[in-house]
Asker: 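This is the structure I want to talk about, given as structure tokens.
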Amino acid sequence: MSKDHQVKAKKHLGQHFLNDESVAEKIANTLSFHGYKHVLEIGPGMGVLTKYLLQKDTITHVIEIDTESVEYLKNNYLNLANRVIEQDFLKFDLNQVFNNEPFAIIGNYPYNISTQIVFKTLEMRDQIPEFSGMFQKEVAQRICSKEGSKVYGILSVLTQAFYHAEYLFTVPPHVFNPPPKVDSGVLLLKRKENFTLPCDETLLFKVVKTGFQQRRKTLRNSLKTFNLSDNLKANSIFDKRPEQLSVQEFIELTLLIENDINP
């Protein structure tokens, strides 16, 4: 493949290549690059963001499933060639590369798997102190939204249980090839200093997901499947709908349920 060969964006991979250098540089600068020596970029495409990451005082790795992009990156970024991981991020065991060391994640994420990328990050939160990148705008807003918002939901609560989430800036469609039909949004997740929860984390995930499956109902109705005691259900927290609860209140609710199930 010649160096000037352009990689064709593939619809089935959800590819929209960023072609605005100033936006790419701005995204690269969202990470602090402190407290870890490795950065993993997901879906680098033709490396518009990668080149700015390579200027930082960290070791950049990229993970890419598109063989055409992999070949392009190896031809055009020779100093990166042995750190191009030709794998599916969602299925690959990253400790084959990072050996339990901390690393940050960054990328212009394919819209069709962006929420799954966040959930995998949450699973690996012990190793990921920082995460930033570009999502479909409404997904980025949902992740960063607070209780009371119409878009506040499962993704908001579970992400913010472990990370401080900040919506940084909006990116218009015309800076991509091909342009998506919607705006994009860049966010930053910084792991909380104390990200170990006082409640059972598996139960928290279950409470949050069950509650939001019927978000218009009160928690007394949406959490019926937990078979809670009448005494607990008399608690005023059960009068609320899930979007009215802060992350901290969801943690407190989970503790109440935990104590009710296992008295």
Side-chain angles (χ1 to χ4, degrees), residues 1 3 5 7 9-10 13-19 21 23-135 140 159 162-163 168 184 186-191 195:
M1 189 183 291
K3 290 202 171 194
H5 175 91
V7 177
K10 295 163 190 67
L13 293 177
Q15 290 175 329
H16 295 275
F17 294 137
L18 180 64
N19 54 22
E21 296 285 335
V23 174
E25 186 173 17
K26 200 173 170 185
I27 294 171
N29 289 335
T30 56
L31 293 175
S32 71
F33 300 96
H34 293 307
Y36 50 87
K37 64 181 183 183
H38 298 280
V39 173
L40 176 66
E41 182 189 356
I42 298 173
M46 289 186 287
V48 64
L49 172 59
T50 317
K51 72 174 143 202
Y52 293 104
L53 296 173
L54 289 168
Q55 295 169 13
K56 305 294 183 182
D57 190 24
T58 46
I59 302 165
T60 299
H61 308 254
V62 300
I63 186 162
E64 176 61 73
I65 200 170
D66 179 13
T67 52
E68 194 182 9
S69 286
V70 167
E71 196 173 342
Y72 179 90
L73 293 163
K74 287 182 174 179
N75 282 338
N76 287 272
Y77 298 91
L78 299 179
N79 56 340
L80 180 72
N82 64 349
R83 296 192 306 281
V84 177
I85 308 161
E86 192 174 351
Q87 294 284 348
D88 180 341
F89 170 79
L90 297 176
K91 296 175 182 172
F92 182 62
D93 176 8
L94 290 164
N95 280 318
Q96 290 184 38
V97 176
F98 298 112
N99 296 319
N100 296 310
E101 284 188 64
F103 61 97
I105 288 180
I106 195 168
N108 168 25
Y109 306 114
Y111 289 164
N112 55 348
I113 60 165
S114 61
T115 55
Q116 292 167 270
I117 288 170
V118 174
F119 279 121
K120 178 159 181 179
T121 298
L122 296 182
E123 286 172 15
M124 299 192 69
R125 60 189 174 272
D126 289 1
Q127 283 175 259
I128 304 172
E130 282 190 322
F131 173 106
S132 74
M134 188 146 50
F135 290 78
T159 302
F162 307 105
Y163 289 87
L168 299 178
S184 299
V186 175
L187 60 74
L188 172 66
L189 304 180
K190 289 181 88 74
R191 193 177 60 199
F195 59 95

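The shown structure was predicted, so the numbers you read here are calculated from the model rather than taken from an experiment.
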Asker: If you measure from CD on E68 to CG on L73, what distance do you get to the nearest 0.5 Å?
Answerer: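 If we round to the nearest 0.5 Å, E68:CD and L73:CG are 11.0 Å apart.
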Asker: Shortest non-hydrogen contact from I63 to Q87?
Answerer: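 Between these two residues, the closest heavy atoms are CG1-O, 3.4 Å.
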Asker: So does S32 get a backbone contact from the side chain of E130, meaning a donor-acceptor N/O pair under 3.5 Å?
Answerer: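 Confirmed, E130 side chain pairs with S32 backbone.
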Asker: Where do A104 and L31 come nearest, in terms of heavy atoms and distance?
Answerer: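 Reported closest heavy-atom pair: CB-CD1, 4.0 Å.
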Asker: Could you grab the distance from atom CG of L94 to atom CG of L40, nearest 0.5 Å is fine?
Answerer: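 Result: 6.0 Å between the selected atoms.
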Asker: Search all heavy atoms of S132 against all heavy atoms of L188 and return the closest pair with its distance.
Answerer: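 Here S132 and L188 meet closest at CB-CD1, 3.8 Å.
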Asker: Please find the pair of heavy atoms, one from I117 and one from P110, that lie closest to each other, and give the distance.
Answerer: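 Taking every non-hydrogen atom into account, CD1-CD, 4.3 Å.
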Asker: L49 and M134: side chain to side chain contact (heavy atoms under 4.5 Å, CB included), yes or no, with the steps?
Answerer: CA-CA 11 Å; L49 172 59; M134 188 146 50; over 6 Å; no
Asker: Given V62, which partner from the list R83, E41, E86 fulfils the side chain to side chain contact (heavy atoms under 4.5 Å, CB included) test?
Answerer: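 Testing each of R83, E41, E86 against V62, the sole residue satisfying side chain to side chain contact (heavy atoms under 4.5 Å, CB included) is E41.
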Asker: Atom CG in L78, atom CG in N76: separation rounded to 0.5 Å?
Answerer: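 The CG atom of N76 is 8.0 Å from CG of L78, to the nearest 0.5 Å.
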Asker: Examine distances only and state if a side-chain atom of K56 and a backbone atom of F33 form a donor-acceptor pair shorter than 3.5 Å.
Answerer: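 Not a single qualifying donor-acceptor pair exists.
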Asker: Under the rule for side-chain hydrogen bond (donor to acceptor under 3.5 Å, both in side chains), what residues qualify as partners of E21, not counting sequence neighbours?
Answerer: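 K51, Y52.
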Asker: Can the ring centroids of F135 and Y109 be said to lie less than 6.0 angstrom from one another?
Answerer: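 That pair passes the under 6.0 Å test.
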Asker: Which heavy atom of G45 sits nearest to which heavy atom of E64, and what is that distance?
Answerer: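 It is N-OE1, 3.1 Å.
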Asker: If the condition is ring-ring contact (aromatic ring centres under 6.0 Å, His included), which residues does F103 pass it with, not counting sequence neighbours?
Answerer: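 Partners of F103 by the ring-ring contact (aromatic ring centres under 6.0 Å, His included) criterion, ordered by chain and then number, come out as F98.
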Asker: Indicate yes or no for a side-chain donor-acceptor contact from D93 to the backbone of N95 under 3.5 Å, with no hydrogens or angles considered.
Answerer: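 It does hold such a pair.
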Asker: Does atom CG of N79 have more than 12 heavy-atom neighbours from other groups under 6.0 Å away?
Answerer: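 Result for CG/N79: enclosed.
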Asker: Could you walk me through whether F89 and I65 pass the side chain to side chain contact (heavy atoms under 4.5 Å, CB included) check?
Answerer: CA-CA 8 Å; F89 170 79; I65 200 170; over 6 Å; no
Asker: What are the two closest heavy atoms between P44 and T50, and how far apart are they?
Answerer: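 In terms of heavy atoms, the two residues are closest at CB-OG1, 3.5 Å.
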Asker: To the nearest 0.5 Å, how far apart are NZ in K120 and CD1 in I42?
Answerer: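 Spacing of NZ (K120) from CD1 (I42) equals 8.5 Å.
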Asker: Check for a donor-acceptor pair, side chain of R125 on one end and backbone N or O of T159 on the other, with a separation under 3.5 Å.
Answerer: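 Pair absent, no side-chain N/O of R125 close to backbone of T159.
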Asker: Just verifying a value: how many Å separate I105 CD1 and H61 NE2, rounded to the nearest 0.5 Å?
Answerer: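 Rounded to the nearest 0.5 Å, the CD1-NE2 separation comes to 12.0 Å.
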Asker: By ring-ring contact (aromatic ring centres under 6.0 Å, His included), which residues pair with Y163, not counting sequence neighbours?
Answerer: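 Residues passing ring-ring contact (aromatic ring centres under 6.0 Å, His included) with Y163: none at all.
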Asker: With the side chain counted from C-beta on, respond yes when L187 and F131 share a heavy-atom pair under 4.5 Å apart, and no when they do not.
Answerer: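 They are in contact (side-chain heavy atoms under 4.5 Å apart), so the answer is yes.
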Asker: First locate atom OG of S184, then atom CG of N108, and finally report the distance between them rounded to the nearest 0.5 Å.
Answerer: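 One finds 7.0 Å between OG of S184 and CG of N108.
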